Amino acid sequence: MDADRAMLWSVLGWWGWVWVVTALAAVLTLVVLLGGLRRSRPVILPGLPFYLDEPRVIEICQQGGYGDIAEKTIREFVKRNTDGSFGFTSQWFKLGRGANRGHETETSYDVHVTANTLLGLAVKSLEDQHGVVHANLTAGVVQGDRAWRRTRSPLLSEVHDGYVVVQGRFTVAEESGDEVVLHARIGGHEAKVRVACHDGHLRRKEVPSGQFNARCLGKSQTWRPDTGELVILPIAVLQ
């Protein structure tokens, strides 16, 4: 072994070892940079949101270390709409009530892009913390890392007090003056997901009629065996 080391030293020399150390440092730096890129890569939830609990989304972003990016996203949105608020027509990203704008700069595209960006950061934050379960209700497929495995059950109904992203076929089950309740069947069973969307975060005019595909980011609250409902507190719903 000593002879091998002596031979290696004689081949590389002092400067050779300097280059080796430099190369190792460069590799470590690249690994750190790639890790940062993976962390900053957004998670995309396909669809156009019609429900968004903005404070909860910001809170999740902050918990995962994405609060600064989330706040910058909103500041940039506000900057594009500097002439006042959206008035009574918008529930999201309020810029102040009652102000008049000299020209229309707010568009549905602006709102949706900002909402999707924040949602992507929120989901990335949850995934970084192993704190979200993904479920395709129609196919009956549940996916997740430690957030799911720690339940020790393949049933979505056993994910108590955890964040979920559920995808399925939704319908409007109930509608009142202050909320719209959505239902989605779980697989081929009579069991269903119940999502109550409150008007304060709901763009009601954008809620589709009939049956529609949608994704819901929310927090699993309880399983009601008497009604066969998994109650989810919605944070965002996208069509």
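Please read these numbers as outputs of a predicted model, since none were measured by experiment.
Contacts classified as salt bridge (charged side-chain N to carboxylate O under 4.0 Å, His left out) and involving residues 210-223 (residues at least two apart or in different chains) are given here: D161-K219. For residues 230-239, no pair satisfies side chain to side chain donor-acceptor pair (under 3.5 Å), with sequence neighbours left out. Residue pairs meeting the salt bridge (charged side-chain N to carboxylate O under 4.0 Å, His left out) criterion with at least one partner in residues 134-143, sequence neighbours excluded, are absent.
Counting only heavy atoms from C-beta outward, the side chains of V132 and V165 approach each other to under 4.5 Å. The shortest side-chain heavy-atom distance between T117 and I69 does not fall under the 4.5 Å cut-off. Annotation: side chain of V133 is in contact with side chain of V142 (closest heavy-atom distance under 4.5 Å).
Between the CG atom of D178 and the SG atom of C197 there is a distance of 12.0 Å, given to the nearest 0.5 Å. Annotation: the span from I232 atom CD1 to Y163 atom OH amounts to 13.0 Å, rounded to 0.5 Å. We find the OG1-CG distance between T222 and L230 to be 8.5 Å, quoted to the nearest 0.5 Å. In this structure, C216 SG and Q167 CD are separated by 12.0 Å, a value rounded to the nearest 0.5 Å. Rounding to the nearest 0.5 angstrom, the gap separating the CG atom in L182 from the CD atom in E174 is 10.0 Å. Expressed to the nearest 0.5 Å, how far NE2 of H198 lies from CG of L233 amounts to 7.0 Å.
Of all heavy-atom pairs spanning P234 and Y51, the tightest one is O-CE2, 3.6 Å. Looking at every heavy atom in both residues, G47 comes nearest to P49 through O-CD, 3.7 Å. The minimum heavy-atom distance linking F50 with E206 is given by the pair CB-CB, 3.9 Å. Across all non-hydrogen atoms, the minimal contact from V237 to A214 is CG1-CB, 4.3 Å. Between L52 and A236, the closest heavy-atom pair is CD1-CB, 4.1 Å. Closest non-hydrogen pair, A196 versus E179, comes out as CB-OE1, 3.8 Å.
Remark: H183 engages T171, A173, V181, K192, R194, E229 in a side chain to side chain contact (heavy atoms under 4.5 Å, CB included) (not counting sequence neighbours). Remark: A70 engages I58, C61, L118, L121 in a side chain to side chain contact (heavy atoms under 4.5 Å, CB included) (not counting sequence neighbours). The side chain to side chain contact (heavy atoms under 4.5 Å, CB included) search around S209 returns none, not counting sequence neighbours.
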- Item | Residues F212, R169; criterion side chain to side chain contact (heavy atoms under 4.5 Å, CB included); working and verdict | CA-CA 5 Å; F212 57 92; R169 300 279 292 170; 5.6 Å; no
- Which is it for K72 and D68 under the salt bridge (charged side-chain N to carboxylate O under 4.0 Å, His left out) test, yes or no, and what are the steps along the way? CA-CA 6 Å; K72 180 181 177 182; D68 291 343; over 6 Å; no
- Message: With side chain to side chain contact (heavy atoms under 4.5 Å, CB included) as the criterion, how do V123 and I60 come out once you've worked through the C-alpha distance, each side chain's angles and the decisive distance to 0.1 Å?
- Response: CA-CA 8 Å; V123 174; I60 293 173; over 6 Å; no
- Item | I74 and E54: CA distance, side-chain angles, deciding distance, side chain to side chain contact (heavy atoms under 4.5 Å, CB included) verdict | CA-CA 10 Å; I74 294 179; E54 183 184 343; 3.7 Å; yes
- Kindly determine whether R185 and L137 satisfy side chain to side chain contact (heavy atoms under 4.5 Å, CB included), including the steps that lead there. CA-CA 7 Å; R185 292 276 295 274; L137 302 177; over 6 Å; no
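In this structure, V180 is not a member of the same hydrophobic cluster as L48, with clusters built from ILVMFWY side-chain heavy atoms closer than 4.5 Å. W223 and V193 fall within the same hydrophobic cluster, defined by Ile, Leu, Val, Met, Phe, Trp and Tyr side-chain heavy atoms under 4.5 Å apart, directly or through other members.
Listed for the D199 side chain is no donor-acceptor partner under 3.5 Å among the backbone atoms of L202. When atom types are taken as modelled, the side chain of W92 and the backbone of H201 share a donor-acceptor pair closer than 3.5 angstrom.
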